[in-house]
Amino acid sequence: GLAYVEQLGAGVCVVANPSPTEATVSVRWPALVGMIGVVRDAEGRSTQPDVAVRAGAEGLLSVRLKPGQMVELRRQ
């Protein structure tokens with residue numbers, strides 16, 4: 001599937017699944033260390049219930065995303 005990581009500036013990053021199928025998106029990027037985020041739909045609304053996602057050691061993040069969903073991550 002297709003996925004992307006985008007650094008939006010001011011300590012905000014997005015990991016997204018623009019693909020038409022559900023997928024587990026895994027990324028290792030040092031910029032994600034210490035970030036926490038929420039899963040959002042294609043329009044940017046947080047999913048219900050709000051699910052916190054945290055990047056692990058070495059910036060490892062692995063999350064199951066439906067088509068069009070994204071994780072918006074911020075520094076704590």
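All residue numbers in this chain count up from 1 along the given sequence. Because only heavy atoms are used, hydrogens play no part in the values below, and waters and symmetry mates are left out as well, while side chains stay in.
The shortest side-chain heavy-atom distance between Glu72 and Met70 does not fall under the 4.5 Å cut-off. Side chains of Leu65 and Val39 form a contact here, defined as non-hydrogen atoms less than 4.5 Å apart. At least one side-chain heavy atom of Val14 sits less than 4.5 Å from a side-chain heavy atom of Leu8. No side-chain heavy atom of Pro30 sits under 4.5 Å from any side-chain heavy atom of Glu58. Considering only heavy atoms from C-beta on, Trp29 comes within 4.5 Å of Gln7 through its side chain.
Closest non-hydrogen pair, Ile36 versus Arg54, comes out as CD1-NH2, 3.5 Å. Considering all non-hydrogen atoms of both residues, Leu2 and Asn17 come closest at O-OD1, 3.3 Å. Counting all heavy atoms, side chain and backbone alike, Pro20 lies closest to Pro67 at O-CG, 3.4 Å. Closest non-hydrogen pair, Val25 versus Ala3, comes out as CG1-CB, 3.9 Å. Pairing each heavy atom of Gly11 with each of Met35, the nearest pair is O-CE, 3.1 Å.
The pair Lys66-Glu22 does not meet the salt-bridge criterion, since no charged nitrogen lies less than 4.0 angstrom from a carboxylate oxygen.
At a threshold of 4.5 Å between side-chain heavy atoms, the hydrophobic network of Ile, Leu, Val, Met, Phe, Trp and Tyr places Leu32 and Val53 in one connected group. Both Val63 and Val5 sit in one connected hydrophobic cluster of ILVMFWY residues. Membership requires side-chain heavy atoms under 4.5 Å apart, directly or through other members.
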Side chain to side chain contact (heavy atoms under 4.5 Å, CB included), that's the test. Do Leu73 and Leu61 meet it? Break it down for me. CA-CA 11 Å; Leu73 296 131; Leu61 176 71; 4.0 Å; yes

